Protein chains: 2
Amino acid sequence: MKPIPYSAEILTVGNEIVTGLVADTNSGVITRRLDSLGISVTRHVSVGDDKEEIAEALKQALERVDCVILTGGLGPTHDDITKQVLCRFFNSGLVTDAEVKRRIDSIFQSRGIETPQAAYTQAEVPEKATILHNAQGTAPGLLFEKNGKRVYSLPGVPLEAEHLLETYIVPHLENLSTVKVQHRILKTTGSPESVLWEEIGPVSPFEKYVKVASLPSLLGVRIRFTASGKDSKETTAQLDAAEKLLREKIDHHIFAVDDETLEGNIGDLLKKKKGTLAVAESCTGGLIGHRLTNVSGSSEYFLEGAATYSNEAKQIRLGVDPALIEAHGAVSEEVATAMAEGIRQKSGSDFGLAVTGIAGPTGGTPDKPVGLTFIAVTGPQGTRCEQFRFHQDRVRNKERAAQAALNLLRLYLSK
Amino acid sequence: MKPIPYSAEILTVGNEIVTGLVADTNSGVITRRLDSLGISVTRHVSVGDDKEEIAEALKQALERVDCVILTGGLGPTHDDITKQVLCRFFNSGLVTDAEVKRRIDSIFQSRGIETPQAAYTQAEVPEKATILHNAQGTAPGLLFEKNGKRVYSLPGVPLEAEHLLETYIVPHLENLSTVKVQHRILKTTGSPESVLWEEIGPVSPFEKYVKVASLPSLLGVRIRFTASGKDSKETTAQLDAAEKLLREKIDHHIFAVDDETLEGNIGDLLKKKKGTLAVAESCTGGLIGHRLTNVSGSSEYFLEGAATYSNEAKQIRLGVDPALIEAHGAVSEEVATAMAEGIRQKSGSDFGLAVTGIAGPTGGTPDKPVGLTFIAVTGPQGTRCEQFRFHQDRVRNKERAAQAALNLLRLYLSK
């Protein structure tokens with residue numbers, strides 16, 4: 001018999017969430033943590049500060065899952081009503097908790113302020129709840145248990161919610177699931193989702209080992225494998241088998257695994273080769289340099305970036321012959337190549353990377369439409385230049401151009 | 001009698017959302033847009049790629065509100081099941097839509113690729129649905145109408161969801177609500193939230209006109225005013241009155257309104273002055289050039305950026321005296337000033353901006369800790385240099401340094 005995982009839903013309370021003013025980040029954080037314990041999170045729900053909406057959402061969630069985690073609505077102001085809703089829901093009165101009161105006083109004392117009267121409302125807690133003491137703020141978390149199900153209520157402040165999650169919820173729940181779940185993400189770029197899957201072929205061989213999800217985004221397609229088994233040895237073996245299958249089909253498209261980044265892996269390749277890099281950017285305006293320098297330790301190999309926006313800058317900074325720009329235009333294979341070779345020579349780097357393109361929305365012509373981009377990479381093995389055509393708006397064309405440039409560099413360095 | 005607004009819920013479909021792999025940004029974007037039409041969004045629900053879960057969530061939502069907007073699960077792969085669920089829910093068969101098929105072919109043609117067979121599944125559409133043609137991708141949106149209620153289904157890719165929202169949903173719904181709600185966001189940077197509100201004073205004078213929300217983030221505090229009334233003339237007058245009050249207190253901190261950006265407003269200032277700009281970046285690595293060139297038309301005033309990461313590059317590209325670096329260190333007021341003046345002179349620009357700092361996590365010393373940053377701006381009115389101390393991780397320190405640099409430039413240009 002397949003073991004049934006313990007299941008949970010996240011219920012977020014707050015007008016700021018359902019009016020789109022603030023993004024709900026707690027649900028993602030809590031889910032990833034529960035997921036790592038083998039707990040299956042099946043739904044996220046966000047409702048406003050409305051007693052009926054909260055109670056209805058809670059009731060329905062408890063009909064579906066073993067555990068509901070509420071966040072938000074525990075503050076000291078008039079629109080924080082989660083505690084009232086829970087008291088009514090579990091038919092519980094309020095009592096003053098001396099320990100919570102003491103902690104509230106001590107927080108205000110440490111700030112050199114007398115405790116405002118409003119803060120003491122947070123020491124009034126439902127008598128049927130277990131108190132989850134909050135070392136990061138004045139609102140304690142609450143746990144209700146009924147008919148074998150659990151309802152946790154946490155403050156909405158991310159720091160406090162995470163603190164109570166780690167301090168109470170994880171220790172409570174970590175041994176409840178009999179299933180170990182593990183993910184692996186293989187990140188690809190350079191091939192659209194449907195073309196990529198033609199290369200991969202049918203999904204069924206993978207499903208012998210794992211569940212497969214395909215996640216397209218502007219900068220590439222991520223493929224996520226999910227394995228479940230009795231322990232991490234079993235799940236790791238399943239993930240390894242699936243990854244091996246995938247690499248047999250599309251290894252060259254995979255630029256990173258899990259938390260790795262394209263720029264981080266380029267850094268590792270450069271460090272292994274003891275090579276240095278300089279970048280000449282036109283349409284990307286500095287984005288490639290920005291991404292490369294997001295990597296800690298990039299000063300070991302990144303010498304400089306030149307965002308040569310004007311033709312004069314291309315000439316003076318990179319030594320691009322004005323006659324070349326005159327003959328072929330600034331957005332051309334010839335100029336991209338001259339920019340890459342120019343920045344390499346001027347900076348004395350081992351490798352040079354250059355991008356020139358028309359980001360748009362203006363500047364396109366029938367011959368050279370918006371999105372046309374040339375990317376050149378140069379180094380000890382010679383110069384390679386490729387042409388791309390992007391179809392997005394200005395900012396997204398820049399992002400795609402930077403991604404394509406870093407990927408071309410990765411492929412050059414991997415050879 | 002208070003008019004009752006048209007109501008909606010957002011239902012997001014995707015294992016990637018409920019497993020916390022991808023943050024749901026669509027719900028916020030859609031909510032903010034509907035909210036601006038006076039439509040009340042009362043709930044966000046996210047479920048996995050599970051037919052029963054999707055159908056149950058849809059059924060319950062339709063019991064509560066007038067309109068449900070689904071996003072996700074419309075792609076061409078095996079785990080995209082929203083269309084199937086909707087067909088069953090509305091008891092509809094599938095038909096091939098010739099126009100959708102033609103559009104799919106034309107998208108692949110423009111990429112120079114033959115249409116893969118899998119892509120054609122997206123031309124099969126529910127016969128009971130109205131097709132929302134998608135100019136940004138291969139998956140069309142769908143609209144079902146039943147018993148006076150509406151169900152929209154949109155692809156999960158944010159660009160495509162936003163495109164269909166603007167093209168179809170907004171025109172469909174914009175006259176359905178009898179309440180006009182209007183927001184205005186005033187964006188500030190350079191002052192922490194609690195200090196900013198000490199300058200602003202009590203919130204009550206604003207509440208005569210609008211509701212007020214204060215939204216702190218890494219790069220500044222946004223203040224959002226919400227007015228509601230019978231028409232946009234009434235709401236605009238309320239917003240204008242509140243904005244006037246706020247500008248009397250903190251005008252110098254406000255760098256943009258609503259969709260305006262800091263870099264866009266800098267562009268306008270430069271165009272008005274007919275001035276040109278060049279930027280020398282050390283720790284920000286190209287981020288400032290990237291942000292400035294996100295503005296369409298920036299080639300009019302942005303000449304070049306130099307991401308001079310190594311000391312050699314600072315010397316060769318900007319003419320910074322090595323003795324200055326030797327005496328004061330690369331992260332110093334003297335070097336920041338020399339970088340700004342150097343890039344201005346070497347590029348022949350009217351204004352020069354430079355940043356040097358320690359992004360971290362390594363490279364800090366007791367004297368010069370991680371986060372220490374010097375920013376200099378130079379131009380016809382002389383040179384100004386300011387010291388900053390940021391306390392975040394590497395990427396966030398870069399973002400804060402770029403924001404502070406652009407803000408210093410804005411203040412210099414505004415004089």
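As the structure is a prediction and not an experimental result, all values here were calculated from the model.
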(message) Please determine whether a side-chain nitrogen of the Lys or Arg among A:E16 and B:R224 lies less than 4.0 Å from a carboxylate oxygen of the Asp or Glu.
(response) no
(request) Mind ranking B:G112, B:S110, B:S347, B:A278 by heavy-atom pairs under 4.5 Å with chain A and telling me who comes out on top? (result) B:S110
(request) Considering only heavy atoms and a distance below 4.5 Å, find which of B:A402, B:G348, B:S282, B:S298 pairs most often with chain A. (result) B:S298
(request) Kindly assign one of parallel, tilted or perpendicular to the pair A:Y309 and B:F302, based on the angle between their ring planes and the thresholds 30° and 60°. (result) perpendicular
(request) Identify the heavy atoms of A:R43 and B:V47 that sit nearest to each other, and give their distance. (result) NE-CG1, 3.5 Å
(message) With a 4.5 angstrom heavy-atom cut-off, is it the side chain or the backbone of A:V41 that approaches chain B, or both, or neither?
(response) both
(message) At a heavy-atom distance under 4.5 Å, which candidate from B:K314, B:R33, B:E56 has the highest pair count against chain A?
(response) B:E56
(message) Under a 4.5 Å cutoff for heavy-atom pairs, which residue among A:T308, A:D35, A:V395 has the most contacts with chain B?
(response) A:V395
(message) So for B:E281, is it side chain, backbone, both, or neither that comes closer than 4.5 Å to the heavy atoms of chain A?
(response) neither
(message) I'd like to know which of B:V157, B:T42, B:V279, B:V29 tops the heavy-atom pair count under 4.5 Å against chain A.
(response) B:T42
(message) As an exercise: rank A:E312, A:H391, A:Q392 by heavy-atom pairs under 4.5 Å with chain B and give me the winner.
(response) A:H391
(request) Taking all non-hydrogen atoms of both residues into account, name the closest pair between B:G360 and A:S296 and its distance. (result) O-OG, 4.4 Å
(request) Report the option among A:A307, A:P192, A:P216 that has the most heavy-atom pairs separated by less than 4.5 Å from atoms of chain B. (result) A:A307
(message) Counting heavy-atom pairs under 4.5 Å with chain B, which one of A:S46, A:G48, A:G289 comes out on top?
(response) A:S46
(request) List the atom of A:E198, the atom of B:P116, and the distance in Å for their closest heavy-atom pair. (result) OE2-CB, 2.9 Å
(message) Please identify, among B:L21, B:T284, B:I288, B:T115, the residue contributing the most non-hydrogen atom pairs under 4.5 Å to chain A.
(response) B:L21
(request) Say whether, by atom type as modelled, one donor and one acceptor occur between the side chain of B:R317 and the main chain of A:A306 under 3.5 angstrom. (result) no
(message) As an exercise, state the distance from CG of A:L303 to CD1 of B:I316, rounded to the nearest 0.5 Å.
(response) 10.0 Å
(message) Minimum heavy-atom separation for B:H290 and A:G286, please, with both atom names.
(response) CB-C, 4.0 Å
(request) Could you grab the distance from atom CG of B:N294 to atom CZ of A:R396, nearest 0.5 Å is fine? (result) 11.5 Å
(request) Please say whether more than 12 non-hydrogen atoms of neighbouring residues, nucleotides or ligands are located less than 6.0 Å from CG in A:D259. (result) no
(request) Could you tell me which portion of B:L287 (side chain, backbone, both or neither) has an atom closer than 4.5 angstrom to a non-hydrogen atom of chain A? (result) both
(request) Measure A:V295 against the heavy atoms of chain B and call it side chain, backbone, both or neither at under 4.5 Å. (result) backbone
(request) To the nearest 0.5 Å, tell me how far A:S310 OG sits from B:E304 CD. (result) 6.5 Å
(request) With a 4.5 Å cut-off on heavy-atom pairs, point out which of B:A313, B:G297, B:G363, B:G28 contacts chain A the most. (result) B:A313
(request) Determine whether more than 12 heavy atoms belonging to other residues, nucleotides or ligands lie under 6.0 Å from atom CD of B:E114. (result) no
(message) Nearest 0.5 Å, please: how far is CD1 in B:I113 from OG in A:S194?
(response) 7.5 Å
(request) Counting only heavy atoms closer than 4.5 Å, note whether A:Q60 contacts chain B via side chain, backbone, both or neither. (result) side chain
(request) Supply the atom-to-atom distance B:L34 CG to A:T19 OG1, rounded to the nearest 0.5 angstrom. (result) 12.0 Å
(request) Give, as side chain, backbone, both or neither, the part of B:L159 having an atom under 4.5 angstrom from any heavy atom of chain A. (result) both
(request) Using modelled atom types only, decide if a donor and an acceptor are shared between the side chain of B:R32 and the backbone of A:G20 within a distance under 3.5 Å. (result) yes
(message) Keeping A:R394 on the side-chain end and B:T293 on the backbone end, is there a donor-acceptor pair under 3.5 Å?
(response) yes
(request) Below 4.5 Å from any heavy atom of chain B, which atoms of A:E399 appear? Answer side chain, backbone, both or neither. (result) neither
(request) Could you tell me which portion of A:A23 (side chain, backbone, both or neither) has an atom closer than 4.5 angstrom to a non-hydrogen atom of chain B? (result) neither
